[in-house]
Amino acid sequence: MPTVPTQSLIDALREAVGRRNVITEPSRQEPYCRGFRFGQGSALAVLKPDCLVDLWRALRACVAHDVIVVMQAANTGLTGGSTPSGDDYDREVVVINTMKIDAIHVIDEGRQIVGLAGSTLFGLEQLLEPYGREPHSVIGSSCIGASIVGGICNNSGGALVQRGPAYTELSLYAQVGDDGALELVNELGIDLGEDPEEVLRALEAGDFPRESVRHPDKLASDNEYAQRVRDIDSAEPARYNADGRRLHDASGCAGKIAVFAVRLDTFPIPREKQVFYVGSNSAEVFGRIRRDVLATFRNLPISGEYIHRDCYDATKRYGKDTFVVIDKLGSGFIPKLFALRRFTDRIARKVPFMPEKFTDLFMQLLSKCWPNHLPRRMEEYRDRFEHHWVIEMADDGVDEARRYLTELFATEDGDFFECTPREGEQAMLHRFVSGTTIGRWHAVHRKRFGAIMTMDIAFPRNERDWFERLPPEIDELFEAKLYYGHLFCHVLHQNYIVKKGVDAKALKERLLATFDARGAQYPAEHNVGHEYTANETLRGFYRSLDPTNSFNAGVGRTSKRRNWA
């Protein structure tokens, strides 16, 4: 790795963001250089700027010293895309964490918002409630403190059937051009001035009059998704990260530019909601429900979350502590809990006699002391049915779903019940906690298990045989398989624990080949990070945004070298 004048750069960074906001000690850098579930690497420095102007000045210093910049918000991504990956870069790496820059500005009477670099979905949900509106994502990502900008940069899918991937064509960002110069680009549709620092000060303060807010012919959400998901006979998936239709500036950029702010639509909160808990022993019945609802219902569901019985059981056992924390303390506590866990694990790794994955083991032990946390009717359905589906309807869709399900299960295998508000919350929370299960299960039994593999798959909309049936020669290599996902969108999360001694890398290639044969796309909503290989569509998009490969080099297993060498 060619050296840079290290002290000169460190001094410049301290001048830009303040000495206390520059972290150079490797032990203190670890929470920012280790992925939420995947990947880690080293950095020359980690920066935590207090404001947009400091962020701009830090970027100027990094570009002047020819280092790689990794932009990071909440670091809750599942594929390692917001941290360095390994130590084989050709330049030094600087991580810039934006979570201190968390302001959100409401515009147009709450119909739109401008979220700054570190603003969170949880904060946005609270801010919009008095307006009777809600953000693109309202559970799942919001529960773990995910950032608004992170969702846009990764085209995060979200669970909501009517809204599709997080998307906007209105953003403000910095990029390095062909000539190596840093430029601030204002595509927010708000007149903020010309000088970069003047623009950023006005934006952060919300100092822009109503008449400066324009309404250009650009999207602030995916306004076509509701029609797209209804096209149940299409051979293309409804949504996936490499969809060229939804790659635009910040949207899908995967950190190849430095995003300062995004402008997004918000959505009315429904007058009435009802959660239906549906069970069946037939995957074909669930496939029929999906096609009937999308093709014939006047009202699309709010969401439809699938979980297989094996995943239900594993989540009940290994996700109990996360469920209880969110249920009793609220989702706002989760980021604090994750920060505490990271701190504790970092300390534990320094103590020779402390076990690896200490907090996982400790939390699992504590969870055994808590009584059963799931509703009685859900537990009865667990015993009766292999497949479980939590379907939420709103307003006129409630009666529509009630009539349909009553008529369907008069003759078909399965049953349903209408959840009380409390049961509905618990059913949804149990499904979303399932995303944490595979990591905990593997941590507790890591000595007798092989590797874990987490797949994020978008199947074609016309796929009828949606539930995975692996060939015996592949199936026998797994210790466990956990299936859950967004069934109406045909986006499934398929997580696997490999048997001890099995070559996980070779097995993954065989598994991906089965998805290819079915016309699937992957990843569906978690973006490529450093786990997946970006296809030509994504590679071309990344190079157009970052011709010198100065931001997040290597994402999608692309080149880590200057100018994409």
Side-chain angles (χ1 to χ4, degrees), residues 157 159 161 228-243 278-297 300-301 303-314 381 384-391 404-405 408-409 411-416 431 434 438 453-478 480-497 507-526 532:
V161 179
R228 185 174 175 83
V229 75
R230 285 185 180 275
D231 186 3
I232 58 175
D233 293 318
S234 172
E236 183 183 10
R239 56 180 171 92
Y240 54 98
N241 288 135
D243 184 357
V278 185
S280 178
N281 289 306
S282 169
E284 289 76 17
V285 168
F286 272 20
R288 175 183 169 184
I289 294 173
R290 173 185 169 272
R291 292 180 65 86
D292 286 349
V293 169
L294 294 178
T296 67
F297 272 35
L300 280 175
S303 64
E305 295 302 297
Y306 168 78
I307 184 169
H308 185 264
R309 179 160 54 195
D310 292 345
C311 189
Y312 179 108
D313 291 344
Y381 269 49
R384 292 174 59 190
F385 301 116
E386 177 183 1
H387 303 286
H388 299 239
W389 202 353
V390 186
I391 300 176
Y404 171 81
L405 293 173
L408 176 76
F409 289 123
T411 57
E412 293 288 355
D413 170 35
D415 204 351
F416 79 98
R431 154 60 190 91
S434 64
I438 193 78
M453 297 192 301
T454 58
M455 302 295 186
D456 169 29
I457 311 299
F459 290 101
R461 283 165 279 174
N462 64 357
E463 172 69 84
R464 292 176 182 266
D465 190 16
W466 61 272
F467 187 71
E468 181 171 70
R469 304 291 182 188
L470 292 170
E473 63 273 16
I474 295 180
D475 194 60
E476 66 184 7
L477 301 177
F478 292 112
K481 305 187 297 293
L482 303 183
Y483 299 120
Y484 58 94
H486 319 297
L487 191 52
F488 284 116
C489 302
H490 255 193
V491 169
L492 294 177
H493 303 298
Q494 304 187 165
N495 296 345
Y496 310 86
I497 298 179
L507 179 55
K508 183 175 182 178
E509 293 305 314
R510 295 174 68 183
L511 199 59
L512 293 177
T514 68
F515 301 147
D516 293 337
R518 297 169 64 187
Q521 293 279 354
Y522 47 85
E525 61 182 9
H526 293 160
Y532 293 90

Verdict with supporting geometry, R290 and R464, side-chain contact (heavy atoms from CB on, under 4.5 Å): CA-CA 10 Å; R290 173 185 169 272; R464 292 176 182 266; over 6 Å; no
Check whether NZ of the Lys or CZ of the Arg R309 lies under 6.0 Å from the centre of the six-membered ring of Y312 and within 45 degrees of that ring's axis. no
Tell me if the centroids of the rings in F286 and F467 come within less than 6.0 Å of each other. no
Mind checking the CG-CD1 spacing from D313 to I307? Nearest 0.5 Å is all I need. 9.0 Å
List the atom of Y240, the atom of P523, and the distance in Å for their closest heavy-atom pair. CB-O, 4.0 Å
If you measure only the distance, is there a donor-acceptor pair under 3.5 Å linking the side chains of E236 and S234? no
R384 atom CZ, over 12 foreign heavy atoms within 6.0 Å: yes
Specify the closest pair of heavy atoms between A314 and L482, including all atoms of both residues, with the distance to one decimal. CB-CD2, 4.0 Å
Begin with the C-alpha distance, continue with both residues' side-chain angles, and end with the deciding distance and a verdict on side-chain hydrogen bond (donor to acceptor under 3.5 Å, both in side chains) for S303 and E305. CA-CA 6 Å; S303 64; E305 295 302 297; 5.1 Å; no
Any non-hydrogen side-chain atom of N241 less than 4.5 Å from a side-chain atom of Y532? no
Applying the ring-ring contact (aromatic ring centres under 6.0 Å, His included) criterion to W389, which one of Y306, F488, Y381, Y484 satisfies it? F488
Among pairs that include at least one residue of residues 509-526, which meet salt bridge (charged side-chain N to carboxylate O under 4.0 Å, His left out), considering only residues two or more places apart or in two chains? R239-E525, E463-R518
Minimum-distance pair of heavy atoms, taken over all atoms of C489 and A238: O-CB, 4.0 Å
For the CD1 atom of I497 and the CG atom of L477, what is their distance to the nearest 0.5 Å? 14.5 Å
Would you find a donor on one side and an acceptor on the other, under 3.5 Å apart, between the side chain of S280 and the backbone of D413? yes
Can you confirm if the aromatic rings of H388 and H308 lie within a centre distance of less than 6.0 Å? no
Check whether any side-chain heavy atom of T454 sits under 4.5 Å from a side-chain heavy atom of H526, and report yes or no. no
To the nearest 0.5 Å, tell me how far L487 CG sits from I391 CD1. 8.0 Å
Non-hydrogen atoms of P460 and G519 that approach each other most closely: CG-O, 3.3 Å
State, to 0.1 Å, how close L294 and V229 come at their nearest heavy-atom pair, and which atoms those are. CD1-O, 3.5 Å
Out of curiosity, L507 CG to Y496 OH, how far, rounded to the nearest 0.5 Å? 9.0 Å
Might you work through the side-chain contact (heavy atoms from CB on, under 4.5 Å) test for M455 and K508, ending with a clear yes or no? CA-CA 9 Å; M455 302 295 186; K508 183 175 182 178; 3.4 Å; yes
Hey, does the side chain of R291 reach the backbone of I232 with a donor-acceptor pair shorter than 3.5 angstrom? yes
Between K481 and E468, is there a salt bridge with N-O shorter than 4.0 Å? no
With rounding to the nearest 0.5 angstrom, report the CD1 to CH2 distance, I457 to W466. 14.5 Å
For D233 and N462, indicate whether the former's side chain and the latter's backbone hold a donor-acceptor pair under 3.5 Å. no
Separation of F416 CZ from L405 CG (nearest 0.5 Å): 5.0 Å
Output, in order, the C-alpha distance, side-chain angles, deciding distance and verdict of side-chain contact (heavy atoms from CB on, under 4.5 Å) for Y522 and F459. CA-CA 9 Å; Y522 47 85; F459 290 101; over 6 Å; no
Apply the test side-chain contact (heavy atoms from CB on, under 4.5 Å) to residues D456 and V491: give CA-CA distance (whole Å), side-chain angles for both, the deciding distance (0.1 Å), then the verdict. CA-CA 7 Å; D456 169 29; V491 169; 4.1 Å; yes
